[in-house]
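One structure below.
Nothing fancy with the numbering, it's 1 onward along the sequence.
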Amino acid sequence: VFGLSSVAQVVLGRGDFGQHLSINLGFGIGVTLGIHAAGGISGAHLNAAITLTHCILGNLPWRKLPAYLIGQFLGSFTAAATVFGLYYDALYDYTKGNFTVTGPTATASIFSTYPAPYVSLLGGFFTEFTATVMLMLGILIIHDEKNNGALKGTQALLTGILVLGIGLGMGMNTGYAINPSRDLPPRVFTAIAGWGMDVFTAGHCWWWVPLTAPILGSLAGVLIHKLFIDFHNQPVPESGNEKGQPAVETS
């Protein structure tokens, strides 16, 4: 809701009610609050790519995957419907009732991601892949207690800042979906709500990229963390001494 409504305000406000930074902040705040809301209940699985990765790694039972995916889909779909209702009057005024995916008054990008006109399918795939690598790598670093993990209670805020940073640096090409759960359900909603099947054919049938690239990027992020950080971590000393410092007995 925070993310999509921030996009709606920037697009429908014609730049008078926010800029690209507003969108980045909106999604960062939304992720932070989502983790606070669901962190103690389910571990805050807001991203289907990361959920699937945890199943592949054995950190999450496969039997839980359908429930998590359904929850993610319904949450994102409901968010799109909420923002649609919230800004329906503005949408109608902006488009004169003609909801389009492309063109001067295109509004489908309020709800789902689409590549910029200059971006090739391969370039867009690489963008989403790389952005998700950074997302997964950042999450693992934030929660890595054997290395230099975040202070307890700050993980949600830092993850929101991580998403903000990805948007600031890697959002221009594709809108940084980095999450199948964030992209597909609103796309389905727009197909139903008046934008039609163009939402699946636009951008050289772009819709499948935000589904596959984040999954591969998430797996690659785990591999990079394992090879370059986790294998080199030292066990946390029980004495509480800093890593690498020998324990000294005192009487």
>> Which residues pass the side-chain hydrogen bond (donor to acceptor under 3.5 Å, both in side chains) test with Tyr68, not counting sequence neighbours?
In response: none
> Got a sec, which residues hit side-chain hydrogen bond (donor to acceptor under 3.5 Å, both in side chains) with Thr127, two or more places apart in sequence or on another chain?
Replying inline: Asn173
> Take atom CZ in Phe228; do more than 12 heavy atoms of anything else shown fall under 6.0 Å from it?
Replying inline: no
> So, do Phe200 and Val188 sit near enough that their side-chain heavy atoms are less than 4.5 Å apart?
Replying inline: yes
>> For Thr190, give me all partners under side-chain hydrogen bond (donor to acceptor under 3.5 Å, both in side chains), at least two apart in sequence or on another chain.
In response: none
>> According to salt bridge (Lys or Arg N to Asp or Glu O under 4.0 Å), who are the partners of Lys226, at least two apart in sequence or on a separate chain?
In response: Asp230
> What closest approach, in Å, do Ser112 and Arg187 show between heavy atoms, and which atom pair accounts for it?
Replying inline: OG-N, 3.0 Å
For residues 59-67, please give each side-chain donor-acceptor pair under 3.5 Å, one per line with the distance, not counting sequence neighbours.
from  : atom 1 : to    : atom 2 : distance (Å)
Asn59 : ND2    : His54 : ND1    : 3.4
Trp62 : NE1    : Cys55 : O      : 3.4

> Who passes side-chain hydrogen bond (donor to acceptor under 3.5 Å, both in side chains) against Asp144, sequence neighbours left out?
Replying inline: His225, Asn233
>> Quick check: closest heavy atoms across Val11 and Ala106, and the distance to 0.1 Å?
In response: CG1-O, 4.3 Å
>> I want to check something: taking the side chain as every heavy atom from C-beta on, are Thr201 and Met197 in contact at a cut-off of under 4.5 Å?
In response: no
> Between Tyr88 and Phe84, how do the two ring planes meet: parallel, tilted or perpendicular, split at 30° and 60°?
Replying inline: perpendicular
>> Give me the atom names and distance for the closest heavy-atom approach of Ile110 to Val7.
In response: CA-CG1, 3.5 Å
>> Suppose we screen for salt bridge (Lys or Arg N to Asp or Glu O under 4.0 Å). Which residues come up paired with Asp93, at least two apart in sequence or across chains?
In response: none
> Considering all heavy atoms of both residues, which atom of Gly175 and which atom of Thr113 are nearest to each other, and what is their separation?
Replying inline: O-CG2, 3.7 Å
>> Taking transitive links into account, so neighbours of neighbours count too, which hydrophobic residues share a cluster with Ile29 at under 4.5 Å side-chain distance?
In response: Phe2, Leu33
>> How about CE on Met170, more than 12 heavy atoms from neighbouring residues, nucleotides or ligands closer than 6.0 Å, or not?
In response: yes
>> Among residues at least two apart in sequence or on other chains, which ones pass salt bridge (Lys or Arg N to Asp or Glu O under 4.0 Å) with Arg182?
In response: none
>> Distance to the ring centre below 6.0 angstrom and angle to the axis at most 45 degrees; does that hold for Arg14 and Tyr94?
In response: no
>> If you compare all heavy atoms of Thr53 against all heavy atoms of Ser218, which two are closest, and at what distance to 0.1 Å?
In response: OG1-OG, 2.8 Å
> With sequence neighbours left out, which residue pairs that include part of residues 36-48 fulfil the side-chain hydrogen bond (donor to acceptor under 3.5 Å, both in side chains) condition?
Replying inline: His45-Thr51
> What's in the same ILVMFWY side-chain cluster as Ile70, cut-off under 4.5 Å, chained through other members?
Replying inline: Leu74
Distance-only check: which donor-acceptor pairs under 3.5 Å involve side-chain atoms of residues 158-169, not counting sequence neighbours?
from   : atom 1 : to     : atom 2 : distance (Å)
Thr159 : OG1    : Gln155 : O      : 2.8

>> How close do Phe27 and Leu4 get, counting heavy atoms only, and between which atoms?
In response: CZ-N, 4.0 Å
